[in-house]
Amino acid sequence: MVRELSHYIGGRHASGTSGRFGDVLNPCTGEAQARLPLADRDEVQSAVAAAVEAQPEWAALNPQRRGRILLKFVDLVNRNMDELAKLLSSEHGKTLADSVGDIQRGLEVVEFAAGAPHLLKGEFSSDAGQGIDIHSLRQPLGVVAGITPFNFPAMIPLWKSGPALAAGNAFVLKPSERDPSVPLRLAELYSEAGVPDGVFSVVNGDKEAVDALLEDPRVQAVGFVGSTPIAQYIYATAAAHGKRAQCFGGAKNHMVVMPDADLDQAADALIGSGYGSAGERCMAISVAVPVGEDTANRLVARLEQRVRKLTVGHSLAEDSDFGPVVSAAARDRIEGLISSGVDDGATLLADGRGLTVDGYTGGFWVGPTLFDHVTPDMAIYRNEIFGPVLSVVRAATYDDALRLCTDNPFGNGVAIFTRDGDSARDFATRVDVGMVGVNVPIPVPLAYYTFGGWKASGFGDLNQHGADAFRFYTKTKTVTTRWPSGIRHGASFVMPEGS
Ligand code: NAD
């Protein structure tokens, strides 16, 4: 049965009124399982209006009480984990264990954000001048918006909304139109935890809804995660409308394997990080860079062996290593890129094109694909594939490997596998990429550090979560104070200065 979805505005579900709808598919079967209203400008504006009305009272609540409400929300999400994870898998296609991880990594940031009383503390200087004290306040921006991708439908909305709400803002979320059901459930649970009506809303939709948020003068800041071209568009448009923006884009993450690395460990890490979640993670490793021909030959032999053992299947089947990709368009694009790799002369060691899974002929399947002898001019290297495709680019020396990672236009994540502290330290210091793993293939920082890529992977000044999230979602006010006993009579016409 096809479910009818809604928006969530002012603390309740709101049916779509634009007359435009999209289908939400189950990627394992290809069937439509829900109908999603696509918001027009009026619907977006009503969510923003509800947020404007609700925000001052929310901001006036002391941060510890806001934090307690967030902790109650975390508890509610945990109690509903099974249902949420199944719902997430049914729209995204990732395995159940991976969906639990998606939700869990989001909750960790909400838990961190519940420490708002500490994170919102300002600074204080006594006797900055004669009888003068200075202190700073961190105040919420007001109404802020989040625009999020399909690949982490729980984690990224939580990374954005947790700190924003903790800081006293109202939040309007425009989730991906591919998997909107979990974000809608999160909205219900925020309400159940005690977040006042209007403080967290969800408007579903596409470019029309996004543009309405970007152009609304009442929206003070926009947090975006998605592909690079859209990140650039959102960053430029938000800035043109005077908004603060942080926009995270696509990725092409490399893993350098040094001759002294434990190659079995490196191969396992490449298989997990390259093919997990069908490669649809912004921190997935899509390029392996073995240093030296001997390392390359030994690594590729191990990868080939392991790739053949992978099981692609239904997201709820216990033996699936990964499920389908998100849509038929994604499958066709990935298969097209695999064909281009063959045409460009890369060596195809495992071919995932044309995969079928028994009982699920309509699913969007792509099998694990492994290329060797990929070169930087090939389309499979230049593009983010966002599918289960791992490319081996052989480097002659450590310097060549470092240069390859640094010269790549993307700069989200990178890893080095080695037993040598010197090369690891040199690599971590010199590589031009935002997040580095040393013998860690997916170095997603924990909630109390910040997450953000460089170059074409991130636009804006501050990272997500950690202390940066509180800087992004607050503005600083500085107060200079002198009490009457310290004030001499008579006007002064010179510019006050520190001495
Ligand atoms: P996407 O860019 O297609 O969509 C992201 C969001 O933008 C969605 O909400 C979508 O509705 C909206 N959108 C799409 N086209 C738009 C347009 N023309 N105008 C305005 N809004 C538009 O990305 P996706 O396919 O949902 O997600 C996959 C991408 O996200 C990959 O490139 C992946 O690397 C990236 N990603 C990056 C990070 C990171 O932290 N850097 C994290 C997760 C995903």
Side-chain angles (χ1 to χ4, degrees), residues 63-64 66-89 92 94-120 144 146 148-167 169 171 173 175 179 182-183 185-187 189-190 192-195 200 223 225 246 248 272-273 276-277 280-284 412-413 434-437 440-453 458 462-474:
Q64 191 150 18
R66 289 199 299 267
R68 276 191 206 131
I69 290 173
L70 292 183
L71 289 178
K72 186 160 178 211
F73 167 78
V74 170
D75 184 46
L76 285 170
V77 174
N78 275 319
R79 284 168 197 255
N80 290 278
M81 185 62 88
D82 289 351
E83 170 231 326
L84 288 166
K86 279 193 188 119
L87 192 57
L88 199 159
S89 287
H92 179 286
K94 62 176 77 173
T95 63
L96 205 51
D98 212 22
S99 292
V100 171
D102 185 328
I103 300 165
Q104 195 54 48
R105 286 305 297 256
L107 288 183
E108 288 169 14
V109 170
V110 184
E111 276 167 343
F112 168 75
H118 176 69
L119 293 157
L120 290 171
V144 299
T148 54
F150 82 84
N151 69 324
F152 282 103
M155 182 181 86
I156 294 180
L158 293 171
W159 280 11
K160 304 229 169 270
S161 60
L165 296 180
N169 300 282
F171 194 92
L173 173 68
D179 42 18
V182 168
R185 282 289 290 130
L186 295 177
L189 296 173
Y190 268 133
E192 198 179 328
V195 170
F200 182 86
V225 178
Q246 53 172 206
F248 297 96
S273 59
S277 202
E280 292 174 323
R281 291 183 184 135
C282 66
M283 291 291 275
N412 214 36
M435 291 171 282
V436 183
V440 172
I442 305 187
V444 177
L446 289 179
Y448 41 96
Y449 280 81
T450 72
F451 178 108
L462 293 164
N463 280 352
Q464 308 187 88
H465 64 65
D468 270 10
F470 280 82
R471 296 189 188 107
F472 182 73
Y473 288 118
T474 56

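If you read the sequence from its start, that first residue is 1, and numbering goes on from there. Computed from a prediction, not measured in an experiment: that's the story for all the values here.
In terms of the salt bridge (Lys or Arg N to Asp or Glu O under 4.0 Å) criterion, Glu192 has no residue partners (sequence neighbours excluded). With sequence neighbours left out, Gln64 forms a side chain to side chain donor-acceptor pair (under 3.5 Å) with no residue at all. Shown here are the side chain to side chain donor-acceptor pair (under 3.5 Å) partners of Ser89, two or more places apart in sequence or in another chain: Ser99. Residues forming a salt bridge (Lys or Arg N to Asp or Glu O under 4.0 Å) with Glu108 (at least two apart in sequence, or on another chain): Arg105. Residues satisfying the salt bridge (Lys or Arg N to Asp or Glu O under 4.0 Å) criterion with Lys94, sequence neighbours excluded, are Asp102. Checked against ring-ring contact (aromatic ring centres under 6.0 Å, His included), Phe73 has the following partners two or more places apart in sequence or in another chain: Tyr190. Residues meeting the ring-ring contact (aromatic ring centres under 6.0 Å, His included) test with Phe171, sequence neighbours left out: Phe200. Residues forming a salt bridge (Lys or Arg N to Asp or Glu O under 4.0 Å) with Arg66 (at least two apart in sequence, or on another chain): none. For Val436, the side chain to side chain contact (heavy atoms under 4.5 Å, CB included) partners at least two apart in sequence or on another chain are Val414, Phe427, Ala428, Val431. Annotation: side chain to side chain donor-acceptor pair (under 3.5 Å) contacts of Arg79 (sequence neighbours excluded): Asp75. Remark: Asn463 engages Thr450 in a side chain to side chain donor-acceptor pair (under 3.5 Å) (not counting sequence neighbours).
Taking all atoms of both residues into account, the shortest heavy-atom contact from Ala113 to Ala166 is O-CB, 3.3 Å. Taking every heavy atom of both residues into account, Pro443 and Pro441 meet most closely at CD-O, 3.4 Å.
For the side chain to side chain contact (heavy atoms under 4.5 Å, CB included) with Lys160, the qualifying choice from Leu173, Val225, Val109 is Val225, the only one to do so. Between Ile103 and the choices Leu186, Leu88, Asn80, the side chain to side chain contact (heavy atoms under 4.5 Å, CB included) rule is met once, by Leu88.
For residues 444-453, there are no salt bridge (charged side-chain N to carboxylate O under 4.0 Å, His left out) pairs, not counting sequence neighbours.
Taking CH2 of Trp159 as the start and NE2 of His465 as the end, the distance is 4.0 Å to the nearest 0.5 Å. Between Leu119 atom CG and Phe470 atom CZ the span is 4.5 Å, to the nearest 0.5 Å. Going from atom CG of Leu107 over to atom CG of Leu71 covers 10.5 Å, rounded to the nearest 0.5 Å.
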